Amino acid sequence: AMEKSYISMLLLLVAISCALAKDVGKKDTKETIAKPKLPQTLSRGWGDQLIWTQTYEEALFRAKNSNKPLMIIHHLEDCPHSQALKKAFAEHKDIQKLAEKFILLNLVYETTDKNLAPDGQYVPRVLFIDPSLTVRADITGRYSNRLYAYEPSDISL
């Protein structure tokens, strides 16, 4: 139950901060272009101080061994929705703190594992896997056609 409440809290935070990021996002596009690109770490910008795993296999192994749930974020660099979610996720202190309770993996390529695309391959898509390595298909956002999508407009939840 504890884990479930973390997750609902996390999703709520993601939703709220996305809504905030939407307004902020427009103003600073110019600055972003001017900045030199930082070398890409495994975090890919989702939280540089968090520990990210490199592959799905490694993530499963670590989740099982540490008995922590696994959070997988599917995203694409050129997708504006992914970018908005990433910005919100990375800049929100509470989310970053909560994220420490998970084994973390973010993917910019599709996985061959059908369990990670229970209702199709789209981004951004956030899935949770518990330490028994079961994909928690019951933890979903509010879109029936894209169960694992979270959007800036979810602030109204």
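For the single chain, residues carry numbers from 1 onward in sequence order. Not measured: the values here are computed from a predicted model.
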Test log, rule side-chain contact (heavy atoms from CB on, under 4.5 Å), inputs Val126 and Ile72: CA-CA 6 Å; Val126 182; Ile72 301 182; over 6 Å; no
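- Around atom NZ of Lys64, no more than 12 heavy atoms belonging to other residues, nucleotides or ligands sit under 6.0 Å away.
- The side-chain contact (heavy atoms from CB on, under 4.5 Å) check on Glu58 picks up Thr53, Gln54, Thr55, Arg62, with sequence neighbours excluded.
- Scored by the side-chain contact (heavy atoms from CB on, under 4.5 Å) test, Gln83 finds Glu77, Lys86 as partners (sequence neighbours excluded).
- How far CG of Leu127 is from CZ of Arg136: 12.0 Å, rounded to the nearest 0.5 Å.
- Between the OG atom in Ser82 and the CZ atom in Arg125 there is a gap of 10.5 Å [rounded to 0.5 Å].
- Between Leu98 and Phe102 the shortest heavy-atom distance is O-CD1, 3.5 Å.
- Taking every heavy atom of both residues into account, Trp52 and Gly47 meet most closely at NE1-O, 2.9 Å.
- To the nearest 0.5 Å, the span separating CG on Leu85 from NE2 on His75 amounts to 9.5 Å.
- Both Ile95 and Leu42 are members of a single hydrophobic cluster when ILVMFWY side chains are connected at heavy-atom separations under 4.5 Å.
- Taking the side chain as every heavy atom from C-beta outward, Glu100 and Leu50 approach each other to under 4.5 Å.
- Around atom CG of Leu133, more than 12 heavy atoms belonging to other residues, nucleotides or ligands sit under 6.0 Å away.
- In this structure, CG on Asn106 lies 7.0 Å from CH2 on Trp46, to the nearest 0.5 angstrom.
- If you take CG on Asp113 and CD on Glu57, they are separated by 8.5 Å, rounding to the nearest 0.5 Å.
- Minimum heavy-atom separation, Thr134 to Ser132: OG1-OG, 2.9 Å.
- Of all the heavy atoms in Ala99 and Leu104, the pair that sits closest is O-CD1, 3.7 Å.
- Hydrophobic clustering (ILVMFWY, side-chain heavy atoms < 4.5 Å, transitive): Tyr56 and Val123 are in distinct clusters.
- Here the closest non-hydrogen pair linking Ala63 and Pro131 is O-CB, 4.0 Å.
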Residues Leu116, Ile129; criterion side-chain contact (heavy atoms from CB on, under 4.5 Å); working and verdict: CA-CA 9 Å; Leu116 292 184; Ile129 296 171; 3.7 Å; yes
Check against side-chain contact (heavy atoms from CB on, under 4.5 Å), Met71 and Ile103: CA-CA 6 Å; Met71 172 169 30; Ile103 300 295; over 6 Å; no
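- Atom CG of Asp48 is separated from atom CD of Gln96 by 8.5 Å, given to the nearest 0.5 angstrom.
- Residues Leu60 and Val135 share a single hydrophobic cluster, defined by chaining ILVMFWY side chains whose heavy atoms lie under 4.5 Å apart.
- Residue Pro118 comes nearest to Asn115 through the heavy atom pair CD-O, 3.4 Å, listed as atom of the first residue, atom of the second, then distance.
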Criterion side-chain contact (heavy atoms from CB on, under 4.5 Å) on Ile73 and Leu105, from CA distance to verdict: CA-CA 6 Å; Ile73 305 170; Leu105 175 66; over 6 Å; no
